[in-house]
Amino acid sequence: MPYSFLEHTADVRMRVTGDSPEGLFRDALFGMVSLMSPETKKEGEKIRRKIALDAPDRTALLIDFLNEALVWMHTESEAYTEVRFHTLGERKLEAELEGERVAGFGEDIKAATYHEAEVGKDPTGT
Amino acid sequence: MFDFQKIRKITPVLWEIPRSFRDDMRVPARFYSHEAMLHEVGADRALEQLVNVATLPGIQGWALAMPDMHEGYGFPIGGVAAFDRQEGIISPGGIGYDINCGVRLLRTGFAKEEIKDFLRDVGRTIFSHVPSGVGRGGKLSLRRGQDFDAVLLLGARRMLELGYGIEEDLAHIESGGKLEGAQPALVSEHAKYRGRDQLGTMGAGNHFVEVGYVETIFDAAAAQDLHLAQGQVTVLIHTGSRGLGHQVATDYIRLMNRVMENYGIHLPDRELACVPFSSKEGQEYFAAMQAAANFAWANRQLVTCEVREAFQRVFGQETPELSVVYDVAHNIAKVEEYEIKGVRKEVIVHRKGATRAFPGQPVLIPGSMGTASYVLLGQEASLVQSFGSSCHGAGRRMSRTRARRQTSAALLREDLSAQGIVINSGSKRGLAEEAPFAYKDIDDVVDVIHEAGIAKKVARLRPLAVIKG
C-alpha cells in the first residue's frame with residue numbers, strides 16, 4: 001500500500017511513499033479520500049475539478065493540495081479516483097481531479113495539518 | 001515516554017518543566033496532574049508539544065496544560081498560553097481547527113423518574129431533529145451576503161432575531177454569545193461555503209447531545225444558584241463552528257506559514273505557525289476567528305431550539321421551556337488582563353481544549369460517552385495560576401484505531417444498554433472510537449482541578465440518552 005495510517009492519540013498520521021512527486025501527491029490524495037470513507041451512489045455523477053496552487057515549499061504544497069481537495073469533498077460531496085498533474089514543481093501545482101459525486105462520507109477530516117509534515121527522499125533516492 | 005527526571009513538583013497536583021529543560025524555552029512549562037496519572041500524561045508527545053509552546057515569542061508566565069491534556073497537532077490539547085498583547089504572537093494552532101468548539105448545558109423541568117419510560121423516544125426524536133454526521137445539512141441554509149454576515153457579526157443574537165430562542169438564553173452564554181471584533185469580510189468564501197448549511201448541526205467525532213440527570217450535588221448553595229437539583233434532567237450539547245471554523249483555521253495557518261519569516265519567527269513545528277498579534281495578519285486572523293466563534297454560538301443556539309422542539313414532540317406543547325444553565329467555549333483566544341510578576345498586563349490567552357474558569361462562572365466538563373460529566377464553578381485561584389482557565393473534558397488517552405480494535409459498536413451498545421443508557425448514533429465506527437476506555441477517568445481529571453483550586457465541584461451528571469453523529 002503506498003499510504004498507511006499511524007498512531008496518534010486524537011488524530012490520524014499518514015505516511016505516503018511514491019517513486020515520483022506525482023505518485024506521492026496522488027497517493028496522499030487517495031489516502032485522504034479513503035480515510036473519509038465515501039458512500040458511493042449507485043450511479044455516481046462523474047465530476048472534474050481543477051486545482052491551481054503555489055506554496056513556499058514542496059511540503060506546504062502537498063498539505064495545501066490536500067486541503068484544497070478537502071474543501072470540494074466537503075462542500076460538493078466529491079470523491080476522487082484519478083488526478084492529472086499539468087504542473088508539479090517545488091512550489092507550484094496545477095492539477096485536474098476526477099471522481100464522482102457521492103452520497104456522503106462515513107468519516108470527517110477537519111483539515112490536513114502541517115504538524116510534523118515533511119516531504120523528503122529516502123536513502124535509496126526515491 | 002517523557003523524561004520525568006527533570007520535572008519539579010510544585011504542589012501535589014502541579015508540576016513544572018524548568019526553562020533549563022531546553023535552551024529555546026522562554027518560560028517554564030507547567031501541567032496539572034496527580035502523581036498517579038503521570039504515566040498517562042507522559043505516554044504521548046503532549047509534554048514535548050507543551051515545551052514547544054514555551055518557546056513562542058511573547059509568552060507570559062508559563063505554558064500550561066490541564067489534566068486532560070493529550071497530544072494534538074502543534075499545541076497540545078488541554079493547553080493554555082498567554083502572550084503579551086504588544087510583543088506577543090497569535091497562533092491559530094493554539095486555538096484549534098474547531099473554533100469555539102464548546103459545551104452548553106440546559107436544565108429541564110423533569111425529574112429522572114418522569115422520563116425514564118420515554119428515553120428511547122427522546123433519543124430517537126433528538127437524533128432526527130438535530131442533524132449529525134458528515135455532510136448532513138441543517139434546516140437553515142444561509143445565503144451569501146447579508147444573511148451570512150449577520151450570523152458572523154451577531155452570533156447567538158442573530159438566531160434570536162430569526163425566532164430561535166429567548167432573550168434569557170443570551171444571559172447565560174460566555175461573552176453573551178457574541179464577540180464584538182468579528183469581521184465577516186475576513187472569512188474566506190471557501191469557509192462560508194463550508195458553513196452555509198451547517199447551522200443547527202452537530203457534526204461527527206466526539207460531538208454529541210446527551211440527556212442526563214443530576215446524580216450528585218457537591219455544593220448545595222452553588223447548585224441552587226444554578227437552579228440544579230438532585231435527580232433533575234439535563235441536556236448537554238457539544239459542538240462548534242463546524243466546517244466554517246475548520247476552514248478559517250486552515251486559511252490562516254497557511255497564510256501565517258508564508259509570512260512568519262518576515263517577522264523573524266522560526267518554529268520547531270510549523271503547525272505552531274504564528275505572527276505578532278499586533279501585525280496586520282494577526283489582527284485579521286483574530287477578527288476572522290471571532291466571526292467563526294460567533295457562528296459556533298449561533299450553531300449551539302439553533303441546536304438548543306431543535307432539542308426544545310424534540311422535547312415538545314415527545315412530551316407535548318405544554319412542556320416547560322428548557323433553560324440555558326451556561327455555554328462555554330473551549331477552543332478560543334481572548335484578550336484578558338492579569339497580574340504577571342506584580343504588573344497588570346493585557347494578554348491574548350489561547351485556550352485549546354481548555355475552558356474559561358473566571359471566579360463565579362459555571363465551568364462545564366463533559367465526560368466520555370456513558371460516563372459522568374461535571375458542573376464546576378470557577379475560583380479566584382484560576383486568575384493567579386492558570387490565566388482563568390480549566391480543563392475541558394476527560395481527555396483522550398487512546399487512539400481511535402486502538403479503540404476500534406478493542407471494541408465494536410455492538411458491544412458498546414450492549415455495555416451502555418446494561419447501564420440503562422440509550423444510544424442513537426449514525427456511525428458505528430464513530431461510536432466505537434468514542435468508547436469510554438479511550439478516555440482518561442473524568443473523576444480523576446476533575447479532582448485535580450478541584451484540588452488545584454481552579455474551579456470547585458458543584459454537581460455530577462450521569463447520562464440517560466446519548467445522541468451522536
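Of the listed residues B:Ala43, B:Gly72, B:Ala46, B:Ala191, the one with more heavy-atom pairs under 4.5 angstrom with chain A than any other is B:Gly72. Note on B:Glu71, B:Arg242, B:Arg402, B:His70: by heavy-atom pairs under 4.5 Å with chain A, the leading option is B:Glu71. Interface remark: of the candidates A:Asp11, A:Val12, A:Asp64, A:Asp108, A:Asp64 forms the most heavy-atom pairs closer than 4.5 Å to chain B.
At a threshold of 4.5 Å between non-hydrogen side-chain atoms, the residues B:Arg254 and A:Asn67 do not count as touching. Using a 4.5 Å heavy-atom threshold, the side chains of A:Asp54 and B:Arg258 count as touching. Contact of the B:Arg270 side chain with the A:Ile63 side chain is not registered, since no non-hydrogen atoms from C-beta on lie closer than 4.5 Å. In this structure the side chain of B:Gln49 reaches within 4.5 angstrom of the side chain of A:His115, judged on heavy atoms.
Of the atoms belonging to B:Glu261, not a single heavy atom falls under 4.5 Å from chain A. At a 4.5 Å heavy-atom cutoff, A:Glu39 makes no contact with chain B through either its backbone or its side chain. Looking at A:Glu118, neither its backbone nor its side chain comes within 4.5 Å of chain B, counting heavy atoms on both sides. Of the atoms belonging to A:Ala112, it is backbone heavy atoms, and not side-chain ones, that fall under 4.5 Å from chain B.
We find the CG-OG1 distance between A:Leu70 and B:Thr250 to be 7.5 Å, quoted to the nearest 0.5 Å. In this structure, the separation between CZ on A:Phe5 and CZ on B:Arg400 is 14.0 Å, given to the nearest 0.5 Å. The NE2 atom of A:His8 lies 9.0 Å from the OH atom of B:Tyr73; values are rounded to the nearest 0.5 Å. Rounded to the nearest 0.5 angstrom, B:Tyr97 OH and A:Ile109 CD1 are separated by 12.0 Å. A distance of 8.0 Å separates CG of B:Asp269 from OG1 of A:Thr113, quoted to the nearest 0.5 Å. Here OH of A:Tyr114 is found 7.5 Å from CD1 of B:Ile253. Values are rounded to the nearest 0.5 Å.
Remark: A:Arg84 CZ is packed, more than 12 non-hydrogen atoms of other residues, nucleotides or ligands lying under 6.0 Å away.
In summary, the side chains of B:Gln247 and A:His74 do not present any donor paired with an acceptor at a separation below 3.5 Å, with no hydrogens or angles considered.
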